[in-house]
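So that we are looking at the same thing, I have put the structure below in structure tokens.
Please read all numbers here as calculations on a predicted model, not as lab measurements.
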Amino acid sequence: MLIGICDDELCCVEEIKEKIMNLDAQNLEIEIDCFVNQYELLESAVEKKYNLIYLDIEMEGENGIEIAKTLKKNNPTCIIIFVTNYDQYVSSAFRIEAFQYLKKPIDDKVFQEEFERAVEEYKRLNKVKIFKVKDGKRAFHLDEIITIESYYNSTLIKTTRGIYSTNYANLRKIKKELEGYDFLQLQSGYIVNMHYIATVKYREATLITGQTVPISLHGYKKITEKYYEFLESKKQ
């Protein structure tokens, strides 16, 4: 599990790192990168895919909210926990799917509870599913799957590392495999990872990749309700 800590006060960075090192990592291998400059974090995040980031909001230059938007655009499943002295940013934080918002000084019990919750979310997002593709079987982490699209008698799995053609004639079997996870069927030929949805407007969803996906008119209400429930769940 790759963790980033960013705060322009070194003492705060060291405090959070120490709290993490003192907790039970649930048999996970933990790697921690520390930053006192948000732009160094952004530069590092180009090369590394952080699973969890503790991010201060009040910093010189762009604040943590703006930095988080960039991080989420490049890595939608990154778990972001804001750490700050101020309550005024709570609504802004959750609009970008922040996992949690911790107030300084950080209570040890609350920190532990939220870390354990973040670890469980990390495990869920990194669950692996095996699908049959043209050259055999391939394992996919759920967080790397962007869309699954059905065309005639072929189905494509579009991921952050490429596009894979499968032998599935339709989406029925794949949909069953993905039940209980953050995927939404927008119409008969499209299943989308909700973490990659940027906006939903009438009859279409726009993904952070720029791709637009039409939404079924027949199931529009149910589909959008499920998406908004997903957004609300990210605030808890």
Check: Taking it one step at a time, do L125 and E121 satisfy side chain to side chain contact (heavy atoms under 4.5 Å, CB included)?
Finding: CA-CA 6 Å; L125 290 171; E121 178 70 357; 3.9 Å; yes
Notebook entry, point to check: Nearest heavy-atom pair of A118 and I79: which atoms, and what distance?
Noted result: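 Answer, listing the atom of A118 first, then I79: O-CD1, 3.4 Å.
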Check: What distance do I191 atom CD1 and E177 atom CD have between them, rounded to the nearest 0.5 Å?
Finding: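 Separation between the atoms: 11.0 Å.
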Next item on the list: Could you tell me whether the side chain of I5 reaches within less than 4.5 Å of the side chain of I20, counting heavy atoms only?
Entry: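 Yes, close enough: below the 4.5 Å cut-off.
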Notebook entry, point to check: E62 and Y39: side chain to side chain contact (heavy atoms under 4.5 Å, CB included), yes or no, with the steps?
Noted result: CA-CA 9 Å; E62 288 184 275; Y39 302 111; 3.4 Å; yes
Notebook entry, point to check: Considering only heavy atoms from C-beta outward, does the side chain of Y190 approach that of L171 to under 4.5 Å?
Noted result: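 Sidechains of L171 and Y190: no contact.
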Margin query: Between I106 and V83, is there a side-chain heavy-atom distance shorter than 4.5 Å?
Written below: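 The answer is yes, as the side chains (C-beta and beyond) meet within the 4.5 Å cut-off.
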Item checked: Backbone N/O of M59 and side chain of N63: donor-acceptor pair under 3.5 Å ->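 Checked: no pair found.
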Note to self: With salt bridge (charged side-chain N to carboxylate O under 4.0 Å, His left out) as the criterion, how do E179 and K175 come out once you've worked through the C-alpha distance, each side chain's angles and the decisive distance to 0.1 Å?
What the structure shows: CA-CA 6 Å; E179 285 180 359; K175 182 181 179 181; over 6 Å; no
Next item on the list: Give a yes or no answer on whether the side chain of S165 reaches the backbone of K134 with a donor-acceptor pair at less than 3.5 Å.
Entry: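 No: the side chain of S165 does not pair with the backbone of K134.
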Margin query: Please give me the minimum heavy-atom distance between K72 and I208, naming the atom from each residue.
Written below: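 Shortest heavy-atom contact: O-CD1, 4.2 Å.
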Check: Which atoms form the tightest heavy-atom contact between R124 and L142, and what is the distance?
Finding: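 Residues R124 and L142, closest heavy atoms: O-CD1, 4.3 Å.
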Margin query: Quick check for you: to the nearest 0.5 Å, what is the distance between T77 atom OG1 and N51 atom CG?
Written below: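 These two atoms lie 7.5 Å from each other.
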Notebook entry, point to check: When you measure from the side chain of Y196 to the backbone N and O of D143, does any donor-acceptor pair fall under 3.5 Å?
Noted result: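 Flag set: sc Y196 to bb D143 pair under 3.5 Å.
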Notebook entry, point to check: What about I16 and L10, same hydrophobic cluster or not, with Ile/Leu/Val/Met/Phe/Trp/Tyr joined at side-chain heavy-atom distances under 4.5 Å?
Noted result: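 In one cluster with I16: L10, yes.
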Next item on the list: Treat each ILVMFWY residue as a node, draw an edge where side-chain heavy atoms are under 4.5 Å apart, and state whether Y151 and L186 are in one component.
Entry: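 Yes, Y151 and L186 fall within the same hydrophobic cluster.
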Checklist line | Pair E114 + K109: basic N to acidic O under 4.0 Å | finding: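 So E114 does not pair with K109 through a salt bridge.
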Note to self: Test side chain to side chain contact (heavy atoms under 4.5 Å, CB included) on I81 and L52; report intermediate values, then the result.
What the structure shows: CA-CA 8 Å; I81 296 179; L52 170 61; 3.9 Å; yes
Item checked: Distance (rounded to the nearest 0.5 Å) between I67 CD1 and C6 SG ->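 Separation between the atoms: 7.5 Å.
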Checklist line | Min side-chain heavy-atom separation I223-Y227 under 4.5 Å | finding: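 Result no, sub-4.5 Å side-chain heavy-atom pair not found.
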Check: Taking E144 for the side chain and H141 for the main chain, is one N or O donor matched with an acceptor at less than 3.5 Å?
Finding: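 Yes, E144 side chain to H141 backbone: donor-acceptor pair under 3.5 Å.
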Margin query: Quick test of your reading of the model: are K17 and D7 salt-bridged, counting only N-O distances below 4.0 Å?
Written below: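 No, this pair does not count.
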Note to self: Has T159 got a side-chain atom pairing as donor or acceptor with R161's backbone, closer than 3.5 angstrom?
What the structure shows: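 The answer is yes, because a donor-acceptor pair under 3.5 Å joins these two groups.
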Check: When rounded to the nearest 0.5 angstrom, what distance separates OG1 in T147 from CG in L207?
Finding: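 Atom-to-atom, T147:OG1 and L207:CG are 7.0 Å apart.
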Notebook entry, point to check: Can the ring centres of F111 and Y54 be said to be less than 6.0 Å apart?
Noted result: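 Close enough - the centres of the two rings lie under 6.0 Å apart.
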Notebook entry, point to check: Can I174 be reached from V128 by stepping across I, L, V, M, F, W or Y side chains whose heavy atoms are under 4.5 Å apart?
Noted result: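 No.
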Check: For the residue pair Y164 and F131, is the inter-centroid distance of their aromatic rings smaller than 6.0 Å?
Finding: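 When the ring centroids of Y164 and F131 are compared, they turn out to be at least 6.0 Å apart.
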Notebook entry, point to check: So with a 6.0 Å cut-off around NZ of K73, is the heavy-atom count from everything else above 12?
Noted result: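 Count not over threshold, so no.
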Margin query: Between I145 and I157, is the side chain to side chain contact (heavy atoms under 4.5 Å, CB included) condition met? List the steps.
Written below: CA-CA 7 Å; I145 299 174; I157 300 177; 4.2 Å; yes
Check: Taking all atoms of both residues into account, what is the closest heavy-atom pair of Y50 and G4, and its distance?
Finding: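 Here Y50 and G4 meet closest at CD2-N, 3.6 Å.
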Notebook entry, point to check: So, the side chain of Q38 versus the backbone of G64: is there a donor-acceptor pair under 3.5 Å, distance only?
Noted result: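 Not confirmed, Q38 side chain does not pair with G64 backbone.
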Next item on the list: Answer whether the closest heavy-atom distance between the side chains of Q187 and I215 falls below 4.5 Å.
Entry: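 No. Closest side-chain heavy atoms not under 4.5 Å.
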Note to self: For a 4.5 angstrom cut-off between non-hydrogen side-chain atoms, does D8 reach N37?
What the structure shows: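 Counting from C-beta outward, D8 and N37 never come under 4.5 Å.
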Margin query: Quick one, V119 and K123 - any side-chain contact, counting heavy atoms below 4.5 Å?
Written below: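 Side-chain contact under 4.5 Å: yes.
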Next item on the list: Quick one: pull up CD1 in I32 and CE in M1 and give me the separation to the nearest 0.5 Å.
Entry: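 It comes to 10.0 Å.
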Note to self: Is any side-chain heavy atom of L41 closer than 4.5 Å to one of L55?
What the structure shows: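 Yes - at least one pair of side-chain heavy atoms lies under 4.5 Å apart.
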Next item on the list: Write down the atom of H195, the atom of P76, and the distance for their closest heavy-atom approach.
Entry: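 Nearest heavy atoms, H195 then P76: O-CB, 3.1 Å.
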Notebook entry, point to check: Given the rule in the salt bridge (charged side-chain N to carboxylate O under 4.0 Å, His left out) test, do E120 and R117 qualify, once you have shown the distances and angles that lead to the verdict?
Noted result: CA-CA 5 Å; E120 290 304 312; R117 200 165 69 89; over 6 Å; no
Margin query: Are there over 12 heavy-atom neighbours, none belonging to K173, within less than 6.0 Å of that residue's NZ?
Written below: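 No - once you tally the heavy atoms of other residues, nucleotides and ligands closer than 6.0 Å, there are 12 at most.
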Note to self: For a quick test of reading the model, state the closest non-hydrogen atom pair linking K129 to Y181 and the distance between them.
What the structure shows: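 Where K129 meets Y181 most closely, the heavy atoms are CE-CE1, 4.0 Å.
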Check: Donor-acceptor pair, K226 side chain versus L184 backbone, under 3.5 Å?
Finding: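 A pair under 3.5 Å: no.
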Next item on the list: Starting at SG of C34, measure out to CD of E40 and round the result to the nearest 0.5 Å.
Entry: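 C34 atom SG to E40 atom CD measures 11.5 Å (nearest 0.5 Å).
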Notebook entry, point to check: Between Q211 and E149, does any side-chain donor sit less than 3.5 Å from a side-chain acceptor?
Noted result: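 Result is yes, a qualifying pair exists.
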Notebook entry, point to check: Do the side chain of T224 and the main chain of K221 share a donor and acceptor less than 3.5 angstrom apart?
Noted result: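 Yes; judged by distance alone, with no hydrogens or angles, the pair exists.
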Notebook entry, point to check: If only atom types and distance count, is the side chain of D182 paired as donor or acceptor with the main-chain N or O of N193 below 3.5 Å?
Noted result: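 Not a single qualifying donor-acceptor pair exists.
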Note to self: Could you check whether atom CD of E31 has more than 12 heavy atoms from other residues, nucleotides or ligands sitting under 6.0 Å from it?
What the structure shows: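 Enclosed.
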Next item on the list: Going by the side-chain contact (heavy atoms from CB on, under 4.5 Å) test, name the single residue among V200, I197, T212 that passes it with T206.
Entry: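 The side-chain contact (heavy atoms from CB on, under 4.5 Å) with T206 is passed solely by T212 among V200, I197, T212.
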Next item on the list: Examine distances only and state if a side-chain atom of E18 and a backbone atom of M21 form a donor-acceptor pair shorter than 3.5 Å.
Entry: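 No.
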Margin query: With a sphere of 6.0 Å drawn around NZ of K132, does it hold more than 12 non-hydrogen atoms of other residues, nucleotides or ligands?
Written below: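 No, not enclosed.
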